[in-house]
Amino acid sequence: MAWTYLTIAGLFEIGWAIGLKYSDGFSRPIPSFLTVMAMAFSIWLLALAMKTIPVGTAYAVWTGIGAIGVAVLGMFLFGESREILRVVCLFLIIAGIIGLKLVS
């Protein structure tokens, strides 16, 4: 169950990171509220996952999921670079997450 919590926490991390962009510096109430709620759920689920998953592994996986999700959504939502080297680096992060899962 801890890995499920961690995965969902990572998805909420993606949500709050993208939400920061839409909140416009917390000047827009609804996106700001949703962003703060996503932050709270993300941290709560991360804390639950850390009851059984080592802290280093949990944090690395959590940030990795967030980094990959935000980078990919940034490409599609905000027209950020889709340069091949950037995509290769994202696959390296994915490989690291898989590796951590396999050894934990």
Side-chain angles (χ1 to χ4, degrees):
M1 198 64 187
W3 283 97
T4 301
Y5 290 149
L6 185 57
T7 301
I8 296 169
L11 296 175
F12 273 106
E13 185 190 5
I14 295 166
W16 70 254
I18 295 296
L20 285 174
K21 180 77 169 174
Y22 286 111
S23 74
D24 196 27
F26 291 108
S27 65
R28 299 178 61 213
I30 293 174
S32 296
F33 173 76
L34 294 173
T35 298
V36 171
M37 293 306 297
M39 288 175 176
F41 282 125
S42 183
I43 295 295
W44 177 62
L45 290 168
L46 176 61
L48 290 178
M50 283 185 181
K51 286 182 174 183
T52 55
I53 300 172
V55 66
T57 300
Y59 187 76
V61 170
W62 180 69
T63 57
I65 291 169
I68 292 163
V70 172
V72 170
L73 284 175
M75 291 176 198
F76 290 99
L77 296 175
F78 309 121
E80 295 176 3
S81 170
R82 296 179 185 173
E83 185 177 325
I84 189 70
L85 188 54
R86 189 170 193 224
V87 174
V88 168
C89 289
L90 291 174
F91 278 108
L92 290 172
I93 295 171
I94 292 168
I97 291 170
I98 292 169
L100 287 170
K101 169 67 171 116
L102 292 174
V103 299
S104 293

Return the minimal non-hydrogen interatomic distance between G64 and I97, and the atom names on each side.
C-CD1, 3.5 Å

Residues passing the side chain to side chain donor-acceptor pair (under 3.5 Å) test with R86, sequence neighbours excluded, are E80

Please list, chain by chain and in numerical order, all residues satisfying side chain to side chain donor-acceptor pair (under 3.5 Å) with T57, sequence neighbours excluded.
S104

Got a list of side-chain donor-acceptor pairs under 3.5 Å for residues 1-8, not counting sequence neighbours?
| unit_1 | atom_1 | unit_2 | atom_2 | d |
| --- | --- | --- | --- | --- |
| T7 | OG1 | W3 | O | 2.8 |

State yes or no: do I98 and L92 share one hydrophobic cluster built from I, L, V, M, F, W and Y residues joined by side-chain heavy-atom distances below 4.5 Å, directly or via other members?
no

Under 4.5 Å between side-chain heavy atoms, hopping through other hydrophobics if needed: is there a path connecting I65 to V55?
yes

Roughly how far, to the nearest 0.5 Å, is the OH atom of Y22 from the CD1 atom of I30?
15.0 Å

Applying the side-chain contact (heavy atoms from CB on, under 4.5 Å) test to I68, which of T63, L73, I94 qualifies?
I94

Partners of S42 by side chain to side chain donor-acceptor pair (under 3.5 Å), sequence neighbours excluded?
W62

Compile the donor-acceptor pairs under 3.5 Å between side chains in residues 10-18 and protein atoms, sequence neighbours left out, one pair per line.
none

Quick one: pull up CZ in R82 and CG in L90 and give me the separation to the nearest 0.5 Å.
12.5 Å

Linking I/L/V/M/F/W/Y whenever their side-chain heavy atoms sit closer than 4.5 Å, directly or via other members, would F91 and M75 fall into one cluster?
yes

Considering only distance and modelled atom types, tabulate donor-acceptor pairs under 3.5 Å from the side chains of residues 46-54, sequence neighbours left out.
none

Check this for me: F78, atom CZ, are more than 12 non-hydrogen atoms of other residues, nucleotides or ligands nearer than 6.0 Å?
yes

Counting neighbours of CZ on F26 that are heavy atoms of other residues, nucleotides or ligands and sit closer than 6.0 Å, is the number greater than 12?
yes

May I ask whether M37 and V70 are part of the same hydrophobic cluster, defined by side-chain heavy atoms of I, L, V, M, F, W, Y residues being less than 4.5 angstrom apart, directly or through others?
no

